[in-house]
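Just so you know, these numbers use all the heavy atoms, side chains as well, and skip hydrogens, waters and symmetry mates. The first residue of the sequence shown is numbered 1, and numbering continues consecutively from there.
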Amino acid sequence: MLEPAEWAAAGIPLLRNPREVVTGLHSRHLPTPSTAVVAVLDPEERLAASASFTRRRSWAADGWEFRNALLAQLRRVIPHDLRRRTPVRTAVLLYCRDGESQWTEEDGAWMWGLRDACTLHGLRCGAYITLTRAGWQVLGEGRGGRRPHSASRHSGLGFGTTTADSVTAAVPHPHGEAREALRRSAAV
C-alpha cells in the first residue's frame with residue numbers, strides 16, 4: 001500500500017487534461033462502484049487501449065491482488081514495452097467506488113498495484129483517479145470535478161467496447177472514425 005505522501009513524492013506525471021481523460025473513460029466503460037478502468041495513453045495523451053473489470057468481493061484491499069488484476073488486463077489489450085530503454089506510454093487507473101472522495105487504504109493498495117503493474121509491463125505509472133458520488137478526483141494532485149460521478153450514466157453508446165465476463169476492453173481502431181461509425185451503426 002502507498003500513502004498519499006509516497007504517491008505524491010513518486011513523481012507521477014500530471015495529466016494535461018484530466019477532465020478529458022475521465023470523461024472519455026467514463027463514456028467508454030460506464031463504470032459502476034467496484035469497477036476499475038485501466039487505460040494506456042500514448043505520449044500525446046491519446047488513448048491507446050483500455051480495459052475495465054469489476055473488483056471481486058473476495059479480494060481484500062491487497063496491492064498484490066490489484067497488481068495481478070491490472071497486469072492481466074494490460075496484457076490483454078496492449079503489448080508490453082519492456083524492450084524500451086525508457087517508457088513512452090503511461091498507464092492511468094480510474095476506480096469507481098462508494099464512499100467519500102478522500103484517500104482510503106483501498107486507494108493505497110490500488111496505487112501500489114498500478115505502480116508495480118506498470119513496472120512489470122514497461123509503462124510509466126500515471127494518475128490514480130477515484131470516481132465517487134461527489135465526482136472525480138486525481139489523488140495526489142488535488143484536481144477533480146463534479147461530473148462525471150459514480151452514478152452518472154452516459155446517454156450515448158460507448159464506442160469500441162466488447163463485453164465478456166464483466167470485463168470490457170476498448171482499443172481504438174487504427175483506421176479511424178469512419179470504421180468506428182460503421183461499427184456503431186451495425187451494433188444498433
Any residue meeting side chain to side chain contact (heavy atoms under 4.5 Å, CB included) with [X], in chain and number order, not counting sequence neighbours:
{"X": "Glu106", "value": "Arg55, Ala61, Phe66, Tyr95, Arg97, Thr104, Trp110"}
{"X": "Gln102", "value": "Glu100"}
{"X": "Asn68", "value": "none"}
{"X": "Pro87", "value": "Arg124"}

Once you round to the nearest 0.5 Å, how far does SG of Cys96 lie from CG of Leu131?
4.5 Å

Approximate separation, where rounding is to 0.5 Å, of Thr35 OG1 and Leu25 CG:
12.5 Å

With [X] via ring pair (Phe, Tyr, Trp, His ring centres under 6.0 Å) - residues at least two apart:
{"X": "Trp112", "value": "Trp64"}
{"X": "Tyr128", "value": "none"}
{"X": "Trp136", "value": "none"}

Sub-4.5 Å side-chain heavy-atom contact between [X] and [Y]:
{"X": "Leu47", "Y": "Leu41", "answer": "yes"}
{"X": "Trp103", "Y": "Met111", "answer": "yes"}
{"X": "Val38", "Y": "Leu74", "answer": "yes"}

In chain order, what residues pass the salt bridge (charged side-chain N to carboxylate O under 4.0 Å, His left out) check against Arg143, with sequence neighbours excluded?
Glu141

Please report the closest heavy-atom contact between [X] and [Y], naming both atoms and the distance.
{"X": "Gly122", "Y": "Leu82", "value": "N-CD2, 3.4 Å"}
{"X": "Leu114", "Y": "Ala127", "value": "CD2-O, 3.8 Å"}
{"X": "Val37", "Y": "Ser52", "value": "CG2-CB, 3.8 Å"}
{"X": "Leu71", "Y": "Ala117", "value": "CD1-O, 3.7 Å"}
{"X": "Ser101", "Y": "Gln137", "value": "O-OE1, 3.2 Å"}

Side chain to side chain donor-acceptor pair (under 3.5 Å) for His29 and Ser50? Distances and angles first, verdict last.
CA-CA 9 Å; His29 295 277; Ser50 65; 2.7 Å; yes

Leu120 reachable from Ile78 in the ILVMFWY side-chain graph, under 4.5 Å edges:
no

Would you mind telling me which of Leu2, Thr130, Ile129 makes a side-chain contact (heavy atoms from CB on, under 4.5 Å) with Leu139?
Thr130

Got a list of side-chain donor-acceptor pairs under 3.5 Å for residues 9-22, not counting sequence neighbours?
| from | atom 1 | to | atom 2 | distance (Å) |
| --- | --- | --- | --- | --- |
| Arg16 | NH2 | Pro43 | O | 3.0 |
| Asn17 | OD1 | Glu20 | N | 3.2 |
| Asn17 | ND2 | Glu20 | OE1 | 3.4 |

Test side-chain contact (heavy atoms from CB on, under 4.5 Å) applied to Leu123 and Thr90, step by step
CA-CA 5 Å; Leu123 302 169; Thr90 304; over 6 Å; no

Among pairs that include at least one residue of residues 113-122, which meet side chain to side chain donor-acceptor pair (under 3.5 Å), considering only residues two or more places apart or in two chains?
Arg67-Asp116

Which residue pairs pass the side chain to side chain donor-acceptor pair (under 3.5 Å) test with at least one member in residues 77-86, sequence neighbours excluded?
Asp81-Arg89

Applying salt bridge (Lys or Arg N to Asp or Glu O under 4.0 Å), which residue pairs with at least one partner in residues 31-46 are found, sequence neighbours left out?
Asp42-Arg46, Glu44-Arg46

Could you tell me whether the side chain of Gln73 and the main chain of Leu70 form a donor-acceptor pair under 3.5 Å?
no

